[in-house]
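Every heavy atom of this structure was used, including side-chain atoms; hydrogens, water molecules and symmetry mates were not. Residue numbers start from 1 in every chain, and the chains themselves are labelled A, B, ... in the order their sequence lines are given, proteins ahead of strands.
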Amino acid sequence: MPDKYDHQTIEKKWQQRWLKDKVFSVPNVPDHPGAPRHPSSDPSLSLRDSDPLTRGGRLRRGGSTYVLDMFPYPSGDGLHVGHPEGYTASDIVARYLRMNGKTVLHPMGWDAFGLPAENAAIQKGIHPRIVTEQNVKNFKRQIQSIGFSYDWDREINTTDPKYYKWTQWIFLQLIKKGLAYEKESPIWWCPKDKTGLANEEVVGGCCERCGTKVKRKMLRQWVLKITAYAERLLSGLVNLDWPESIKTLQRNWIGKSEGAEVRFKIKVEGFRVKDEEVSVFTTRPDTLFGATYLVLAPEHPLVDVITTKEQKKKVESYKIKVSSKSDLERTALEKEKTGVFTGAYAVNPVDNEKIPVWIADYVLMSYGTGAIMAVPAHDFRDYCFANKYKLKIRYVNDGVGLLFRKDFDVRKIMSKFEIEYKSKYGTEIQITFHGSFGVNYVIDNYITGNEYENGRIGHLLETTKLPVERGPYLLFLEGKYDRVINSEFLNGLSVADAWRQAIVWLENNKKGKYAINYKLRDWVFSRQRYWGEPIPLVKCGSCKIKVESTKWVLNFYEEPWRALQNGEKTVETRALNPDEPDRYFGDVKEGDVIKGVLKGTNEVMYLRVMKRHMLKNLEEFHERKDLLGKLRRNFSPTLGELKKFYALTLDYVERIQKNGLVAWEIEHVIPGIVPWEHLPLELPDVKKYEPTGTGESPLAGIKEWVNVKCPECGGPAKRETNTMPQWAGSCWYYIRFTDPHNEKAIASDEAMKTWLPVDLYVGGAEHAVLHLLYARFWHMVLYDVGAIPKECGDEPFVKLKNQGLILGPDGEKMSKSRGNVVNPDDIIAKYGADTLRMYEMFMGPFEDAKPWDTNGIVGVRRFLDRVYKLVSSLAQQLASGEVDGDTDEHRVHRYTKLLSEGIDNFRFNTCVSDFMKWMNEWSVGAVSKEELGVFLRLLSPFAPHIAEELWSRLGHKTFLAQESWPKYDPKLIIETNVTVAVQVMGKLRATITVPPGSDQDTVESAAKAELNVAKYLASKPKKVIFVRDKLINFVV
RNA sequence: GCCGCCGUGGUGGAAUGGCAGACACGCUGGACUCAAAAUCCAGUGAGGGAAACCUCAUGUCGGUUCGACUCCGACCGGCGGCACCA
């Protein structure tokens, strides 16, 4: 009697043996990367006349291949059954490639910095390091119990100083390349807990811990200039073998738009000495003639400058209303667009028409120039706004300028609605579209409107019944434009043409220029947390300049800001206000360094006060021509003009006249940011992990750590106390795996050349944008600074596969709070790791989301039980001298092909059913050792423990994991008989069995002989469709 | 609102222009057993028929085709992402 399949003993046994014999360890640089490391020890097992295997991973570097999983965050909850899905798939591929002679790098590690460990530390008073160590230990035990073929000699942990030394080193490369800068940036702030919150700690706009409504707080942050790489991050996507959906997500995230920047002069009536100018960004420069007003973002620095006295009150209160709105209110709830007229007018550069300038919160300061030209006839948002505030709507380019949403395929409309349009001038115009935003109401009318009933597409906006003004039909043509409609111009002119010609015109006439904008924003890199990599920088107090007195922050407008940046010494003034300490600038003295922030973009600059002048009132200031000339270049206003200049807010002039004015002569100074090169800069121990209450990191509270000697001059200096975000460590871990113990570099050139780029990267789609974009960015930077050899390329991950989510048994996302989390430990204890692995693969297509069903798992277990019983009874049979069973060569080669191709195509679910089908074809005691040997080799990537065990029962002394993959012979796969479907009028009436390759005549006569077919063939068929070896269809 | 993905038996799914429901779960019946579990065997989309067979059926409606789960269009439903990006 065969023994029982004891998964617990078997799995433990083989896991220990793999580990002990270092079966899956690879050297950093393999000696002979071309040769299979472990040639099959039993040549009789390779099937004869096999074609060389050419599928699978790319052959390069002589056969070294890198198969990588997204390493996990070791949470306190341990693994859930979702984790092993991707790990199993990559393990199958790694084992498969290894058996195909590749040297495979397949590592695992821990992304262990992060919030949960820190929160546990706060709650339980245990050091995050201890919490992390415990969690890693548990995760490792769980992962090892599933039998993955990882090279554990390469295990890495992002919280290990030996690892984060290099994370810090990379940050210094970014600093040195000018790719990191400081900026005032908002963070979530809980006013009750007095702490900054991470995005994931904000639930529904409230603090996760205490439920208080969160606020935005401006804080100095390190920011990485990922936007400098926007174009490369976008164009690099083309060559990547990634799911199209992920590429689309990244493209949308980067959000490139082409268009023009157009300069509008602003007339501020009797207000300013000098005209102001504002730039707008538009993707539709061809609609410039339809611009009937201008909109600035409420935060736009020019707003205060151009607003007229009459509108001041309204503008101010609108600005306050907008700034007090949280982001949630501004986006989700407030659908209705609002805005206020500034009283100023802009001049349209093409026709010198005066158009009103408004502010509205539907224009964002952070995109483009923070200002738009509004073309209500051609943009839905502008239309809504114009409609509400009764602004002029004018459409342009009769029939040409109609636009539709991005990627709107005009050919579909063309074929369906015969889009050729006969204008009233009798000229046929081909309409092509170059739109970039939705105008759904136009489309709706387009399709349903009466115009189509009459057989032509007419003036679509007329069918919308809007108060529309017909445009002057101005068209840009060959770098000029013409005001008079001329049918010849329209002939064949497309919007794309008009678009290009508009830009040519703007550039020729110096009114604007071609411009590109991206939605992508720079990456706010610092966190006010303890459990992260310390940022290795020091702010020097003596060798460069003091940056301590950051108590005073001055907001700047663009013009003086640029002057200061250019090294000019300028004058800056502020009204004094002793009643309000926050507004009393009198104690900013000569020699002090203050922080300047550029309005709108929040760039930070440090400024030293050279001289301070206390002035009683504007009359006294007006006398000081020397100061006025530096306030703005060549500024010599009359007293009245000066007063207007200070009419910034309603009471500003009043305040000056009452309390006086301070004027500083200031210059731009470079803050003493000195890289701390003694890496690693280790995290110091702190007593309290609670945030400080000021928004700073807990590190700020350790005086002895914060105060250091400047590494450059030895003078007193302060450390940067922010830490890096969790993304930092995971941005480059795949590089470290190639050479994890290197103390001289992130990895050796040789190791990187051997393994990079990653051939296959497997993980969840939730990392589609952030992780995968950040890692690509860092890789490109490291490539550019020469830290990664050119041979490796500037993309880290050649091929990406996403696993689908495994849902709880209730079909919902697994979560602790729902109580639907399935722990793999329980499954492994009851059914075994092999069953778990195979079931996870069997559940459904790898990339689809699918619910976990613990009842379904017994099917896989039954299958393995039967395999176990069959093989061990054959082993006994052979041991007792009985004869071997038969090998069905056709069957063996057919399944070898099916399973090899299944793995190549990530169709693991059908692989598992193919194993089941194959086994169902066996009868007990009649299968040969050879056939079972092939079966076990094919099964070994899926269920490695039981396969190893049975392999050894069949008398083999080698590790199955080091055997070669079976090859198949296509000739032996050809069937002896094929079943052909017989249809009449496309309906199945019979099936017949014929030799493969039978010609039409043979099949036709055999088919006609079928009673059930003849029945339907009363008359001679009109037509016969014949598909060799598949089908014959009679059309009657 | 926009972008992307997905709708097939009681359930997970298979078939990606050519025999719909492979494989598995569950269920029903049978064998073994004093009995149960386990195991093994048979059946299992719906309707009609004694049977051979026939009809219907892949979210809904329409189209292309000799033939559509598969391709095209519109709609409905579900999931994920983005959130006024000019």
Side-chain angles (χ1 to χ4, degrees), chain A residues 243-249 251-253 255-257 259 280-284 295 327 330-332 334-335 337 360-364 366-375 378-382 384-385 405-407 412 415-416 436-438 440 447 517-521 765-766 768-769 804-805 807 811 813 839 842-845 847-860 862-863 865-866 869 907 909-917 920 979-991 1011-1012 1015 1021-1027 1029-1036:
Chain A
E244 265 322 304
S245 59
I246 302 287
K247 290 197 201 180
T248 306
L249 241 47
R251 284 195 189 102
N252 292 345
W253 189 264
K256 178 180 178 172
S257 297
V280 304
F281 175 71
T282 175
T283 53
R284 293 298 311 275
V295 189
D327 284 18
R330 197 163 158 176
T331 55
E334 299 279 324
K335 286 262 171 188
K337 296 185 190 346
D361 64 356
Y362 81 96
V363 174
L364 308 175
S366 50
Y367 183 79
T369 60
I372 61 155
M373 64 177 208
V375 186
H378 299 279
D379 182 283
F380 192 51
R381 294 159 304 179
D382 296 342
C384 293
F385 193 79
R405 66 171 182 262
K406 199 187 270 181
D407 306 325
K412 286 175 190 165
S415 59
K416 210 162 180 177
S436 67
F437 29 68
N440 289 331
I447 290 161
N517 265 292
Y518 300 92
K519 282 197 242 178
L520 185 69
R521 301 290 145 79
E766 67 273 19
V769 265
L805 217 56
L807 308 169
K813 211 168 169 172
Y839 179 61
F842 187 52
M843 289 189 341
E847 305 196 47
D848 289 4
K850 45 219 169 263
W852 178 267
D853 177 13
T854 300
N855 294 325
I857 205 167
V858 299
V860 171
R862 278 176 199 155
F863 160 75
D865 273 331
R866 274 177 240 172
K869 209 155 81 184
R907 287 162 47 181
N909 56 332
T910 54
C911 285
V912 177
S913 41
D914 286 333
F915 282 120
M916 290 169 169
K917 282 182 203 168
N920 286 343
T979 308
V980 171
V982 184
Q983 296 182 336
V984 180
M985 291 302 284
K987 277 194 193 299
L988 183 77
R989 295 303 176 188
T991 56
L1011 265 178
N1012 203 39
K1015 196 159 87 181
K1022 274 189 229 152
K1023 199 174 164 188
V1024 181
I1025 312 286
F1026 177 70
V1027 182
D1029 296 345
K1030 284 259 163 120
L1031 159 143
I1032 185 160
N1033 185 14
F1034 298 100
V1035 185
V1036 291

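Considering only side-chain N and O atoms, R907(A) lies nowhere under 4.0 angstrom from the phosphate OP1 or OP2 of rU16(B). The side chain of N1033(A) contributes no N or O atom lying less than 4.0 Å from OP1 or OP2 of rG18(B). The side chain of K1023(A) places an N or O atom within less than 4.0 Å of a non-bridging phosphate oxygen (OP1 or OP2) of rC66(B).
Residues N920(A) and K917(A) have side chains that never bring a donor and an acceptor to within less than 3.5 angstrom of each other.
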message = Let me check I have this right: for RNA chain B, each base becomes ., (, ), [, ] or |, based on Watson-Crick or G-U pairs with both distances under 3.5 Å. What is the full string?
response = (((((((..(((.....[....)))((((((.......))))))((((....))))..(((((..]....))))))))))))....

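The gap from the P atom of rG10(B) to that of rG4(B) amounts to 33 Å, rounded to the nearest Å. Between rA52(B) and rA74(B), the two P atoms lie 45 Å apart (nearest whole Å).
Annotation: side chain to side chain donor-acceptor pair (under 3.5 Å) contacts of T854(A) (sequence neighbours excluded): W852(A).
Residue-level contact check: T910(A) touches the backbone only, with heavy atoms under 4.0 Å from sugar-phosphate atoms and none from bases. Here N252(A) lies in heavy-atom contact (under 4.0 Å) with sugar-phosphate atoms only. Within the nucleic acid shown, F842(A) comes within 4.0 Å of at least one base atom, counting heavy atoms only. Heavy atoms of D914(A) sit nowhere under 4.0 angstrom from any nucleic acid atom.
Among rG26(B), rC54(B), rC19(B), the nucleotide with an atom closest to any side-chain atom of V858(A) is rG26(B).
Syn is the classification of rG9(B), since its glycosidic angle stays within 90° of 0.
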Polar-atom pairs under 3.5 Å, protein N or O versus N or O of nucleotides 36-41 of chain B: list them with distances, or write none.
from: rC40(B); atom 1: OP1; to: R866(A); atom 2: NE; distance (Å): 3.0

